[in-house]
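Shown next, in structure tokens, is the structure this report addresses.
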Amino acid sequence: MMTKPVILFKTILFVLLIAAIAACAPAAQPAAPTQAPAPTEGIAPTQPAPTEAAATEPAATTPASGEKASLIIESWRQDDLAVWEDKILPAFMAAHPNIEVKFQPVSNTEYSTSLATKLEAGTAGDLIMVEPFDYRLKMYQDGDLAKLNDLPGLENFSDLALSAWSTDDGAETYGVPLAAVLHGFIYNQDIFEELGLTPPTTEAEFLALLDKVKTDGKYTPLAMGTADSFVPGLLGFQLIGPNYWKGEEGRLALINGTGKFTDPAYINTWAALEDWIPYLPEGYEGVKYGDMQNLFTLGNAAVYPAGSWEVSIFNNQVGDKFKMGAFAPPVPEAGDSCYINDHMDMGMALNANAKNPEAAREFLTWLTTPEFAELWNNSLPGFFSLSNHSVEISDPLAQEFLSWRENCASTPRNSYQIISRGEPNTDGEINRLTTLVMNGQITPDEAGAEVQAGLDKWFKPQ
Amino acid sequence: MAQSQVRQLRRKSFPFHILVFLAPGLLIYFVFMCIPLLDSLRLGLFATDGGVEQFVGLDNFVRLTSDPDWAPRFWSALGHSLVFFLINMLVQNPIALLLAALLASMGRSGAVYRTLIFAPTVLSLVITAFLWSLLLSPLWGLPKTILTPIGLAAFARPWLGLESTALPTLALMSIWQFIGVPVILYYAALIAIPNDFVEAAYVDGATGWDVFWRIKLPLILPVVGIVALMTFIFNFNAFDVVYAVKGALAGPNFASDTMMTFFYRTFFGYELQQPNPTMGAAIAGTSFAILMVGALFYIFVWQRRTQTYEM
């Protein structure tokens with residue numbers, strides 16, 4: 001038998017052991033994402049001083065002639081490092097020999113934390129790449145990003161493009177729109193020719209086309225799976241939805257409270273996605289994003305619901321194996337006007353405490369020029385500039401995507417501005433519930449009711 | 001003789017040198033384990049309101065278990081953690097005991113099997129998770145290929161993608177990988193049993209069945225307890241396998257959401273979900289309390305009831 005002290009000792013030992021194991025999680029605490037720095041009250045009048053100063057006192061900060069002003073761009077786009085270093089920045093520096101610009105990306109998962117830390121420590125670069133809408137609005141309100149309303153060149157952008165980097169009332173702008181991604185369908189031209197198919201323009205034609213591929217039996221009609229919940233949400237709901245909720249009209253109605261997710265526009269969007277179920281690969285509930293990409297690029301599927309960022313990925317993977325084409329989301333009824341999901345994705349902002357604000361503003365203005373648009377669209381096919389300059393893209397697939405802007409009205413993802421600011425967050429709910437609809441577990445009506453119920457919990461229409 | 005014994009007893013009164021030896025380890029343990037743990041428990045009693053931390057007592061825990069915004073997710077995560085643990089407990093440990101008993105009876109010829117059974121344990125979980133995702137992929141995986149020739153094609157389903165099967169599938173993947181650990185522990189205990197006992201039993205007319213249930217199992221019962229406790233601690237906290245296969249959203253529709261994935265999303269935030277460190281700490285605190293109850297049960301109930309034999 002054990003004696004009392006031994007039991008006591010063992011107890012303590014075990015408690016410590018459990019503590020050790022349980023502590024793994026709490027021990028990670030210091031790595032918690034740094035929340036936006038700066039005091040919370042600093043939203044308004046006390047802060048803008050540095051911004052104004054930067055705009056009105058260039059003399060103090062312009063480097064002496066002959067001395068190079070150096071700028072650093074903070075970014076999360078590691079994938080684009082080579083393009084910036086080899087194509088975009090050399091073009092700018094050739095035209096502006098007294099400015100030197102460096103592109104300094106970190107991985108996208110670390111961007112938020114690293115940016116907040118650098119801004120707090122005063123070591124952030126002068127130029128800061130910013131995600132759209134609610135991602136960085138707080139940073140501007142906290143006085144970390146400069147106001148850019150008076151930047152020459154901003155008149156080249158539509159109000160819609162600027163709204164992604166403006167305050168809710170649109171009065172103050174803090175970012176130059178850099179690029180958007182478009183959504184549509186990419187198809188395998190070889191399969192289309194083999195089966196005698198043509199790109200559809202209406203929902204009915206689209207379903208008939210998918211049915212033909214299914215009847216033929218050789219290929220998967222639609223390469224799509226629901227294992228990653230952003231796929232049904234982003235490449236389903238947000239992809240075809242604008243045609244149903246009439247783009248900006250529907251998106252703004254949600255924000256001002258006149259539209260609800262229980263409206264026919266949204267129910268019909270989910271119902272249209274339900275119609276796709278028979279044409280998805282077998283076991284699509286377990287098919288991940290990477291799997292569906294592979295299914296298409298290996299030539300086993302006819303149609304792929306795409307984001308334009310996939311253009312360069314697919315160009316690389318498919319090569320000459322087969323020809324690819326693209327078509328815009330089909331409209332519900334013949335003759336309906338068309339809308340496309342044209343989502344503002346990247347912008348460029350100015351650090352409120354920039355060391356070379358004049359040089360940085362010169363760079364920002366250059367981003368609004370036709371030369372930049374031309375260079376950007378051709379260097380990064382699939383990411384489209386947002387300025388009003390018309391551009392020819394040499395990549396045929398990217399050009400096809402871009403051409404939709406001529407006839408169809410643009411609108412960003414409807415859950416990115418304002419309506420995802422609370423709990424439960426609307427964007428996450430749309431992803432989750434659209435997945436359930438496509439898995440056949442709930443009806444479109446149930447999905448609409450649940451998204452709206454979640455939104456009603458905290459949202460006050462603006 | 002008697003005098004030296006007395007002196008030894010007196011010297012044993014308090015061995016101060018042990019403190020010196022323990023100090024470095026205890027110090028590191030205290031600074032890097034105890035303090036963060038206690039601080040995390042403290043954080044669970046606060047709430048952030050407009051950037052200011054305020055003491056709210058047990059409010060976080062009350063919200064976690066009853067607030068309609070939190071409670072459904074919390075209870076489902078707790079339930080999933082329990083199911084994950086129970087599957088591991090009820091499937092892994094009996095199979096491990098069976099394998100260990102077979103290995104112990106094979107003598108030296110079992111070395112190959114011993115190695116094979118333990119091999120997956122040394123692989124990185126990221127690798128095995130990827131491997132199993134591919135094996136079970138409905139597009140290019142094995143279930144259909146294997147089940148079609150024997151007429152069971154209808155049973156080939158995307159197990160990782162269905163709400164009803166995702167969690168059990170993940171648990172079985174984890175069992176496949178980590179079964180080597182209990183096997184080795186049982187095996188070591190079984191081969192430590194002196195042959196005399198077994199031979200004596202056979203002489204007395206016991207069958208192989210009797211020997212296992214009446215002699216070997218009672219002798220390794222303390223190990224059974226240790227393995228059960230380890231299973232509890234490691235699987236109640238399951239995070240890595242779920243995260244590696246299903247991501248932090250623990251899909252489909254949170255069907256594989258455990259306490260730790262729930263904690264992860266709450267504490268660090270996910271996509272547009274904002275991080276909530278105080279609520280996250282409350283979840284971690286709840287997990288800690290549950291693990292503590294399990295460990296205390298082991299110490300005060302199991303260990304006291306179990307007889308340890310000198311062999």
Side-chain angles (χ1 to χ4, degrees), chain A residues 2 7 10-11 14-33 35 39-41 112 134-135 220 225-230 281-288 291-292 294-295 300 415-416 420-428 431-433 435-436 439 441 457, chain B residues 29 32-34 36-37 39-41 43 50-52 69 133 136-141 144 156-163 229 233-234 237 239 246-247 249 251-254 260 263-264 267-275 277 280-281 284 287-288 291-292 294-296 298-300 303-304:
Chain A
M2 285 189 288
I7 293 180
K10 281 198 168 183
T11 312
F14 260 98
V15 169
L16 291 182
L17 177 74
I18 307 302
I21 292 159
C24 292
Q29 188 186 320
Q35 290 193 317
T40 40
E41 307 85 46
S112 227
D134 294 354
Y135 281 98
T220 303
T226 59
D228 290 310
S229 71
F230 79 89
E282 205 179 324
Y284 66 92
E285 299 100 325
V287 174
K288 294 183 162 199
D291 291 337
M292 60 189 247
N294 287 332
L295 190 67
N300 297 336
S415 53
Y416 268 55
S420 283
R421 276 178 201 169
E423 282 294 329
N425 110 31
T426 307
D427 190 56
N431 288 345
R432 183 174 73 85
L433 293 161
T435 307
L436 289 181
N439 285 356
Q441 286 173 283
K457 261 186 205 165
Chain B
Y29 183 80
F32 292 103
M33 289 290 185
C34 294
L37 174 68
D39 193 49
S40 160
L41 289 175
L43 192 63
V52 191
D69 284 346
S133 303
L136 296 178
S137 160
L139 291 179
W140 18 71
K144 223 178 130 192
R157 306 280 294 130
W159 291 306
L160 280 172
L162 298 178
E163 279 184 41
L229 183 69
I233 293 170
F234 289 119
N237 263 343
F239 171 74
K246 306 301 301 183
L249 280 179
N253 194 23
F254 299 111
M260 284 299 113
F263 160 79
Y264 178 89
F267 193 98
F268 295 106
Y270 189 72
E271 289 182 348
L272 287 176
Q273 179 181 342
Q274 294 303 307
S287 285
F288 174 67
L291 292 177
M292 183 81 108
L296 293 178
Y298 169 80
I299 294 163
F300 288 111
Q303 218 178 32
R304 282 192 173 184

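Naming: A, B, ... by sequence-line order, numbering from 1 per chain.
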Item to check | Rounded distance [0.5 Å steps], CG in B:Leu139 versus CG in A:Asn294 | outcome: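 Here the rounded value is 9.0 Å.
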
Checklist entry - Roughly how far apart are B:Glu163 CD and A:Thr435 OG1, rounded to 0.5 Å? => result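 Between B:Glu163 CD and A:Thr435 OG1, I get 10.0 Å after rounding to 0.5 Å.
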
Checklist entry - Looking at residues at least two apart in the chain, or sitting in another chain, which of them share a salt bridge (Lys or Arg N to Asp or Glu O under 4.0 Å) with A:Lys288? => result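 With neighbours one apart ignored, the set is empty.
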
Next on the checklist: Just to verify, what does A:Thr226 make a side-chain hydrogen bond (donor to acceptor under 3.5 Å, both in side chains) with, not counting sequence neighbours?
Outcome noted: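 Counting only residues at least two positions away or on another chain, A:Thr226 forms a side-chain hydrogen bond (donor to acceptor under 3.5 Å, both in side chains) with A:Asn439.
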
Next on the checklist: Testing the basics here: between B:Pro138 and A:Gly286, what is the closest heavy-atom pair and its distance to 0.1 Å?
Outcome noted: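 B:Pro138 and A:Gly286 have their closest heavy atoms at CD-O, 3.7 Å.
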
Checklist entry - Would you say the side chain of A:Lys457 lies within less than 4.5 Å of the side chain of B:Asp69, judging by non-hydrogen atoms? => result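 The answer is yes, as the side chains (C-beta and beyond) meet within the 4.5 Å cut-off.
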
Checklist entry - Tell me, side chain or backbone of A:Leu436 under 4.5 Å from chain B's heavy atoms, or both, or neither? => result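 It is the side chain, since no backbone atom gets that close.
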
Checklist entry - So which of A:Met292, A:Arg432, A:Arg421 has the biggest tally of heavy-atom pairs under 4.5 Å with chain B? => result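 Winner by heavy-atom pair count: A:Arg432.
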
Item to check | Heavy-atom contact with chain A under 4.5 Å, split by part of B:Phe254 | outcome: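 Looking at B:Phe254, just its side chain touches chain A.
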
Checklist entry - So which part of B:Trp140 gets closer than 4.5 Å to some heavy atom of chain A, the side chain, the backbone, both or neither? => result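 B:Trp140 touches chain A through side-chain heavy atoms alone.
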
